[in-house]
Protein chains: 2
Amino acid sequence: MQIGMLSRRTGVSVRMLRYYEEEGLITPARRASGYRDYGADDEAIVTAIRMLSEAGLKLDFIRRFLPCLRSDGPILHPCPDLLSAMEEEMRTLDERIGKYRESRSMLGSYYEEMRAHA
Amino acid sequence: MQIGMLSRRTGVSVRMLRYYEEEGLITPARRASGYRDYGADDEAIVTAIRMLSEAGLKLDFIRRFLPCLRSDGPILHPCPDLLSAMEEEMRTLDERIGKYRESRSMLGSYYEEMRAHA
DNA sequence: CTAAACTCTGACAGCGATGTGAGGGTCAAG
DNA sequence: CTTGACCCTCACATCGCTGTCAGAGTTTAG
């Protein structure tokens, strides 16, 4: 599958697909022409990357976490530092979610108050 | 109150306090010397800005939302476009929270799985 | 008066994720 | 063969936030 197709299927820009490769997240095969040739499972991987990325995880971290995402993957090899990195990441994620909810409710209550006074 | 003091009290860097001013979020008085002179309520405002900011809201939006934060404020004047901007913001905030939770649980389940296989 | 600790402005740097454009191949259909 | 749609690499630009450094004035304590 060519990059344009993958882009259309995942909604991720061509630019970003190339960037993901540059960052070592995906490594598509190459044709003789130099064209990237993506496999079928790459679609799922890109989607997962996207999701994690949109949730604020740095590509840097996602790269390390990546082996877990590969369907063909060798059942996950929990390098201990990955485990602790994940704990760390989960903590900050929890914190972040907390802050978002706080802000959300703050916004919400102000909104209600404003509507009431309108 | 000088900028350094406010910085220490709020945990917001001096740089950022100046930046907030530059962006029109706060407007401290000035001494003859040019030194910024913050009022007592500025501390609360900065804290609120910080919270909203850490929750991913752009300063641009926070500025518009700001009158609501001032304790002395004239009870909130709901310009209709602010109301709809808030609705919009709340929606995206909700979406974002959703994504974060998804990612969080994704991370969590992989984490558990890895621990189990360890 | 002097020194230490603050403060001022202004500007440049960096981060991570993206866009965009230039200059140039590739491929499939007509 | 030509054309249009793709693709390649490289590199510079942008965005929002933040740090940092330089050069210079201010304030307070000794």
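Just so it is clear: chains get the letters A, B, ... in the order the sequence lines come, proteins before strands, and each one is counted from 1.
- In this structure, B/Tyr110 and B/Glu113 have side chains that are in contact, with non-hydrogen atoms separated by less than 4.5 Å.
- Here the closest heavy-atom approach between residue A/Met1 and residue A/Gly39 is recorded as CE-O, 3.8 Å.
- In this structure, B/Glu89 does not pair ionically with A/Arg104, as no charged nitrogen and carboxylate oxygen lie closer than 4.0 Å.
- B/Ala55 approaches A/Ser103 most closely through the heavy-atom pair CB-OG, 2.9 Å.
- A/Tyr35 is not listed as a side-chain neighbour of A/Ile3, based on a closest heavy-atom distance of 4.5 Å or more.
- Sparse packing is recorded around CZ of B/Arg101, with 12 or fewer heavy atoms of other residues, nucleotides or ligands lying under 6.0 Å away.
- We find that CE of B/Met1 is positioned 16 Å from P of C/dC6, with the value rounded to whole Å.
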**Item:** Annotated protein contacts, base or backbone, on nucleotides 25-30 of chain D with a non-hydrogen cut-off under 4.0 Å, one of B, S, - each
**Value:** BBS---

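- Per the geometry, CD1 belonging to A/Ile49 stands 12 Å off P belonging to C/dT18, to the nearest Å.
- The shortest distance between side-chain heavy atoms of A/Val12 and A/Tyr20 falls below 4.5 Å.
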**Message:** Please encode protein proximity along nucleotides 9-19 of chain D as a string of B, S and -, counting only heavy-atom distances under 4.0 Å.
**Reply:** B-B-----SBB

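- At whole-Å resolution of the value, CG in B/Leu17 and P in C/dT9 are 13 Å apart.
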**Check against salt bridge (Lys or Arg N to Asp or Glu O under 4.0 Å), A/Glu54 and A/Arg50** = CA-CA 6 Å; A/Glu54 272 170 11; A/Arg50 207 58 208 144; 3.7 Å; yes

